[in-house]
A.B. asks: 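My structure is below; once you've seen it, I'll send some questions.
Since the model is a prediction, treat every value here as computed from it, not as a measurement. The sequence lines fix the lettering, A, B, ..., with proteins before strands; numbering per chain opens at 1.
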Amino acid sequence: MLSLRVPSTSFDFPRFHAGDLERRWKLGRDSFLSFSHRRGFGLGVSSAKSETAPFTAAEEEALPEGLQPELMPKHVAVIMDGNGRWAKNKGLQPWDGHRAGVEALREIVELCGKWGIQVLTVFAFSTDNWIRPKIEIDFLLNLFERTLKSELETLAKNNVRISIIGDSSKLPKSLLKVINEVEEVTKNNTRLQLIVAVGYSGKYDVLQACRGIAQRVKDGEIEVEEIDERLIEQELETNCTEFPNPDLLIRTSGELRVSNFLLWQLAYTELFFAQELWPDFGRSGFIEALMSFQQRQRRFGGRKS
Amino acid sequence: MSSGISQLLEQIHEFSRRCLFRVISVGPLPIHLAFIMDGNRRYAKKRGLEDGSGHKVGFSALMSMLQYCYELGIKYVTIYAFSIDNFRRKPEEVKSLMNLMLEKIKSLLDKESIVHEYGIRVHFIGNFALLSDQVRAAAEEVMEATAKNSRVLLLVCVAYNSTDEIVQAVKKSCTNKLVEHSEGRDRDIERIQLVNIEETMQMRVAPGPDILIRSSGETRRSNFLLWQTGSSQLFSPDALWSEIGLRHLVWTILNFQRSHSYLEKKKKKPL
């Protein structure tokens, strides 16, 4: 019988409990939790100067049993799908789902930092999402701006570099200002590069690369015959990292498609489709995805003899 | 006597298949299916066949699959026959694959071939400069011979990969813009639009695939139709290509119909 390549959850790891999350929200719905939510009591007090024992994983953590360090992906990409459905299932508003999504993202960023993954790219907002209701778009962009501001210090302290890719022409000026600041402050960090795709699509990326190349042709810098794959890669927005092509792409919520995320860069990427909705995708889901990745045979068109 | 029985069984099988297809056709059907036919060598090894014969069996499996697709009424089918990356395999294997391809391309011209039965128009997509003269000539002959057919399309990707297709399209778009610029029609050649790239892509002859199926359980696209499969559903059955049959096709389509109704609902409701 056909298998949809959606592995069953057969692992017995303690899951991130959505129940805990709900409790914390009720305490401080409009505030943002600090990274320390699991160590302290995270009573939902947000503060740009959140002190605390954050992310004490300034040291790396040993990998969970079953995962081999030499087979860890260098670059993981994530389509964080399912916030809306998650909220609906719980009888909450869509924005509650997005907040829960931010929480889930924090956990994954933390794990990537601990487990030696070099680059994490997340699909925050697609060019296709511009058709959503204005109130939701405004909320999302606002949430993004507030999260960047509130997390900047923690991320900087933990040696995380942030890069934003996508069409910035439609983004509000205040968000653009914060983005520039965050990218500047974290640009020399080396532990983990977090690439957030906002107003992005794979076709947009190839198109803007094409325009960049056309400009160079117009300026006489290169000839049309010299255009090749390497040249296009240099112009893609993922040129902000040493590892532009994800080894593994994870999409949550059971949808079996890539929805125009990272086109060129996904040529040889292993795809993993998880059934859970994004806010429920935590440590155990991530481990499952990594285990699946490590079992795959990557041949890149050649042969494993 | 036994041939009479097997003929009868075949007819019963065909009849039940057509009934099944009638039932499935009540729901929405995909317009375009794409296949990555992976697992031929593994199949040969599994069955203890000699090296290279896995691809021959794979070809028969392909013919059956095409028959089912066209019977069901699917208008476009695209197959990944040979990737540019496959040239990196051992020279003997590449040569044997090219010979098999030449043989099978020529066989499409036969009167009894599937092409004539279903009125298929065949397109070959790929970097022809990388093919031998014979293969290229045979491909061009088939394209010409079937140019008048219009019922259904078969797109065969050979010496293809998506990044190469995009590079060729980018080159052509830049060249076109340069020409427009020199004719005084366009001052801003760097303002290339999406449509400029899309109209120069080889795969422009078909809409994007609704479903991409890769056999043998690997869940990656291996540089196949990256531009066109942004919204496609991706299925990766564990079965090797020669083991893929009617039940996989039916299952895929039923799943497509299930998620199709969810997507249509999502489009109508502003979430």
A.B. asks: Which residue out of A:Gln208, A:Glu233, A:Glu270, A:Arg216 racks up the most heavy-atom pairs below 4.5 Å with chain B?
C.D. replies: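 Of the options given, most contacts go to A:Glu270.
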A.B. asks: Where does A:Ile232 contact chain B at under 4.5 Å (heavy atoms): side chain, backbone, both or neither?
C.D. replies: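 Side chain only.
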A.B. asks: Do A:Trp264 and B:Ile166 make a side-chain contact, defined as non-hydrogen atoms from C-beta onward lying under 4.5 Å apart?
C.D. replies: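 Touching, per the 4.5 Å side-chain cut-off.
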A.B. asks: Chain B: which of A:Asp128, A:Leu266, A:Leu249, A:Ile131 shares the most heavy-atom pairs with it under 4.5 Å?
C.D. replies: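 So the answer, after comparing A:Asp128, A:Leu266, A:Leu249, A:Ile131, is A:Leu266.
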A.B. asks: Which is it for B:Leu194 and A:Tyr204 under the side-chain contact (heavy atoms from CB on, under 4.5 Å) test, yes or no, and what are the steps along the way?
C.D. replies: CA-CA 8 Å; B:Leu194 209 59; A:Tyr204 150 79; over 6 Å; no
A.B. asks: Looking at B:Ser173, B:Ser232, B:Ala239, B:Ala169, which has the largest count of heavy-atom pairs under 4.5 Å with chain A?
C.D. replies: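 Top count of heavy-atom pairs under 4.5 Å with chain A: B:Ser232.
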A.B. asks: Can you tell which part of A:Glu225 gets under 4.5 Å to a heavy atom of chain B, answering side chain, backbone, both or neither?
C.D. replies: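 Answer is backbone: N, CA, C or O of A:Glu225 sit under 4.5 Å from chain B.
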A.B. asks: What's the shortest heavy-atom distance between B:Ile192 and A:Leu207, and which atoms?
C.D. replies: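 Heavy-atom minimum between the residues: O-CD1, 3.5 Å.
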A.B. asks: At a heavy-atom separation under 4.5 Å, does B:Asp164 approach chain A through its side chain, its backbone, both, or neither?
C.D. replies: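 Both backbone and side chain.
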A.B. asks: Side chain, backbone, both or neither: which part of B:Ile197 has a non-hydrogen atom closer than 4.5 Å to chain A?
C.D. replies: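 Just its side chain gets close to chain A.
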A.B. asks: Could you check B:Phe235 against A:Leu256 for side-chain contact (heavy atoms from CB on, under 4.5 Å), going step by step and ending with a plain yes or no?
C.D. replies: CA-CA 7 Å; B:Phe235 286 111; A:Leu256 300 174; 3.6 Å; yes
A.B. asks: Taking the side chain as everything from C-beta on, heavy atoms only, tell me whether B:Val170 gets closer than 4.5 Å to A:Leu231.
C.D. replies: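 The answer is no, as the side chains (C-beta and beyond) never meet within the 4.5 Å cut-off.
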A.B. asks: May I ask you to test the A:Lys203-B:Glu198 pair for a side-chain heavy-atom distance under 4.5 Å?
C.D. replies: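 Answer yes - side chains close enough.
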A.B. asks: Measuring from B:Leu226:CG to A:Asn260:CG, what's the distance to the nearest 0.5 Å?
C.D. replies: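 Result: 11.5 Å between the selected atoms.
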A.B. asks: Please examine the side chains of B:Arg221 and A:Val258, heavy atoms only from C-beta on, and report whether any two atoms are closer than 4.5 Å.
C.D. replies: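 Counting from C-beta outward, A:Val258 and B:Arg221 do come under 4.5 Å.
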A.B. asks: Determine yes or no for a side-chain-to-main-chain donor-acceptor pair under 3.5 angstrom, with B:Arg220 supplying the side chain and A:Tyr268 the backbone.
C.D. replies: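 Judged by distance alone, no pair lies under 3.5 Å.
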A.B. asks: Using a cut-off of 6.0 Å, state whether more than 12 heavy atoms not belonging to B:Ile31 lie near its atom CD1.
C.D. replies: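 Not more than 12 within 6.0 Å, no.
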A.B. asks: Would you indicate whether A:Ile135, at its atom CD1, is surrounded by more than 12 heavy atoms from other residues, nucleotides or ligands within a distance under 6.0 Å?
C.D. replies: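 Incorrect, the count does not exceed 12.
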A.B. asks: Between B:Gln168 and chain A, with a heavy-atom cut-off of 4.5 Å, which part of the residue counts as in contact: side chain, backbone, both or neither?
C.D. replies: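 It is neither, since no heavy atom gets under 4.5 Å.
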A.B. asks: Of all of B:Ile84, B:Leu212, B:Thr163, B:Val167, which one pairs up most often with chain A through heavy atoms under 4.5 Å apart?
C.D. replies: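 The candidate making the most pairs under 4.5 Å is B:Thr163.
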A.B. asks: Between A:Glu226 and B:Lys171, is any pair of side-chain heavy atoms under 4.5 Å apart?
C.D. replies: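 Side-chain contact under 4.5 Å: no.
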A.B. asks: Does atom NZ of B:Lys172 have more than 12 heavy-atom neighbours from other groups under 6.0 Å away?
C.D. replies: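 Above 12, so yes.
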A.B. asks: Is B:Ser162 in contact with chain A via its backbone, its side chain, both, or neither, using a 4.5 Å heavy-atom distance?
C.D. replies: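 Neither part, no heavy atoms under 4.5 Å.
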A.B. asks: Checking A:Arg257 side chain against B:Ser231 main chain: does a donor-acceptor pair fall under 3.5 Å?
C.D. replies: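 Yes: the side chain of A:Arg257 pairs with the backbone of B:Ser231.
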A.B. asks: How long is the span from the CD atom in A:Glu223 to the SG atom in B:Cys174, to the nearest 0.5 Å?
C.D. replies: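 SG of B:Cys174 is found 11.5 Å from CD of A:Glu223.
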